[in-house]
Amino acid sequence: MKILMVCLGNICRSPLAEGIMQHLADKEGLNWQIDSAGTGGWHVGEEPDRRSVRVAREHGIDISSQVCRQFGKPDFDHFDHIFVMDRYNLSDVQAMAPDAEAASKVKLLLGTREVPDPYYANEMFEPVFQLIAEGCKDLISKLV
Ligand code: 4NP
């Protein structure tokens, strides 16, 4: 199974989603490949935001070696599922889908709720970690 996590900048939320999902999948002995990308390109080549690195480390997950990249059309072919954090990501990614099958791969990570952008709110990193972890655990139980 190949899963892509997408947010706006690929430095706060989707790196956490990649790290948490890979951690949970590995723990379950699942041979899943998880990656992440951003709809925007401002931070390409950078490592994740230090606040995401820190909150992940506090929960025993190392995301410090991830490198930011931008979402692109080839991702629709490569991945089985594309999970986005909020409705802006959903419309941005679906607008790039070449056909209905590609568009159907794109879903909100939390189903109907959104993962809020913590970029301007330091105190949001822990709640965002918890929301993403909840979503990833639900997904594993649904997809296995
Ligand atoms: P993310 O947060 O989408 O969770 O990675 C953001 C990071 C950077 C920016 C916006 C959101 N930015 O505008 O630079």
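Atoms within a ligand are numbered from 1 in the order they appear, just like the ligands themselves. The analysis underlying the following values was restricted to heavy atoms, covering all of them including side chains, and did not include hydrogens, waters or symmetry mates.
For a heavy-atom separation below 4.0 Å, the residues in contact with ligand 1 are C7, L8, G9, N10, I11, C12, R13, H43, D117, Y119.
With salt bridges taken as basic N to acidic carboxylate O contacts below 4.0 Å, none links D75 and K2.
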What donor-acceptor contacts under 3.5 angstrom involve side-chain atoms of residues 17-24, with partners at least two apart or in another chain?
residue : atom : partner : partner atom : Å
E18     : OE1  : S36     : N            : 3.3
E18     : OE1  : S36     : OG           : 2.7
Q22     : OE1  : I34     : N            : 3.1
Q22     : NE2  : D26     : OD1          : 3.0
Q22     : NE2  : W32     : O            : 3.0

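The aromatic ring centres of H81 and F83 sit less than 6.0 Å apart. The distance between the ring centers of F76 and F71 falls below 6.0 angstrom.
Not counting sequence neighbours, the partners of H59 by the ring pair (Phe, Tyr, Trp, His ring centres under 6.0 Å) test are F129. For L108, the side-chain contact (heavy atoms from CB on, under 4.5 Å) partners two or more places apart in sequence, or in a different chain, are V84, R87, L90.
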